[in-house]
Asks: 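Have a look at the structure that comes next, please.
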Amino acid sequence: MTPLATLTASQKLLYLQDLDLLLRDALEDGTRTLWREAGMQVSGLEQLQRMRAELASSIGPKLLELYERIHRRHGRALVPVRDGTCLGCFVKLPTGARSSPPGTDAVSTCASCGRILYRV
Amino acid sequence: MGCYGRRVASRVQGTVSGKPSGGPLVPALFLPDLDALSHKEALREIVAAARAAGAVEAPEEALRILLDREILGTTAVGKGVAIPHGRSMVVPRPYLAFARSLRGVPWQAPDDEDVHLIFLLLAPDTPPWRGPYLEHLARLAAVGALIGNRKRLLSAPDLATVRAILAG
């Protein structure tokens with residue numbers, strides 16, 4: 001797996017969002033019941049929470065605050081960009097503002113909905 | 001695609017598919033006999049095959065969410081079956097792969113049996129997909145719980161047969 005230190009800011013935010021989703025599932029009764037009925041036990045919650053904390057601490061405070069704020073507001077802070085369209089609000093993005101440049105630490109947000117844009 | 005990806009692709013049956021919602025999810029990929037000797041290798045091998053088939057755009061991220069799910073708790077459910085799964089923004093539509101290991105893969109199963117049958121499920125992270133995702137998981141667990149299904153899956157010769165077994 002890619003070491004944390006080599007991830008760009010956008011990649012870290014994506015990882016954070018994926019971990020948050022998994023943790024939310026792990027704490028949600030319906031999912032836990034389904035897992036248990038299928039024969040799967042949840043035993044590593046604390047380890048995942050530690051991973052989440054380590055990841056969050058590796059993200060700059062301003063960017064983390066932006067992620068948390070959008071996450072609280074929309075439930076999904078990062079959204080993919082496909083064909084020049086923000087898949088959070090489905091507004092066509094102006095050329096040049098369609099996503100963060102790949103391989104850089106810059107992140108960009110959708111001017112319409114404010115979500116962080118991510119090129120898959 | 002690296003040489004590993006090409007080697008995997010040469011013995012994989014299937015292409016990109018998957019229903020957007022409702023009804024059982026049709027497996028898009030069948031790997032009849034994995035080389036993997038551990039559950040991590042198995043996940044890596046299946047994701048590489050899915051990428052080679054053009055189904056996974058972000059294989060590193062897909063592998064990561066599957067491995068993180070295993071940290072939460074093993075997805076082996078006993079009787080030689082594992083159902084690794086995960087959701088992410090990088091997955092545009094639900095995706096199911098079926099893989100088999102004839103020698104068996106250690107997977108920390110509750111009954112300590114090695115895993116021979118692997119259903120790998122990936123799904124988008126958006127709310128409308130959550131219900132179908134959980135339904136697919138439940139369905140796969142039910143399929144794997146039946147000894148008749150397991151026997152047929154262990155000897156299934158091709159993707160069409162696997163799909164017929166899953167269709168019930």
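Quick note on labels: first sequence line is chain A, next is B, and so on, each numbered from 1.
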Asks: Checking E37(A) against chain B: side chain, backbone, both or neither under 4.5 Å from a heavy atom?
Replies: neither
Asks: Checking E28(A) against chain B: side chain, backbone, both or neither under 4.5 Å from a heavy atom?
Replies: side chain
Asks: Between T31(A) and R130(B), do the side chains contain a donor N or O and an acceptor N or O under 3.5 Å apart?
Replies: yes
Asks: Using non-hydrogen atoms and a 4.5 Å limit, figure out which bit of L23(A) sits close to chain B: side chain, backbone, both or neither.
Replies: neither
Asks: Any donor-acceptor pair under 3.5 Å linking the side-chain atoms of R100(B) with those of H116(B)?
Replies: no
Asks: Hey, are S88(B) and D125(B) close enough side-chain-wise for a donor-acceptor pair under 3.5 Å?
Replies: no
Asks: Taking side chain as everything from C-beta outward and backbone as N, CA, C, O, which of these in L19(A) sits under 4.5 Å from a heavy atom of chain B? Side chain, backbone, both or neither.
Replies: side chain
Asks: Is it the case that the side chains of H71(A) and R76(A) hold a donor-acceptor pair, with the cut-off being a distance below 3.5 Å and no angle test?
Replies: no
Asks: Could you tell me which portion of I83(B) (side chain, backbone, both or neither) has an atom closer than 4.5 angstrom to a non-hydrogen atom of chain A?
Replies: both
Asks: Which atoms of L45(A) are under 4.5 Å from chain B, going by heavy atoms: the side chain, the backbone, both sets, or neither?
Replies: both
Asks: Could you look at A76(B) and say if it's the side chain, the backbone, both or neither that has a heavy atom under 4.5 Å from chain A?
Replies: backbone
Asks: Side chains of Q41(A) and W35(A): is there a donor and an acceptor less than 3.5 Å apart?
Replies: no
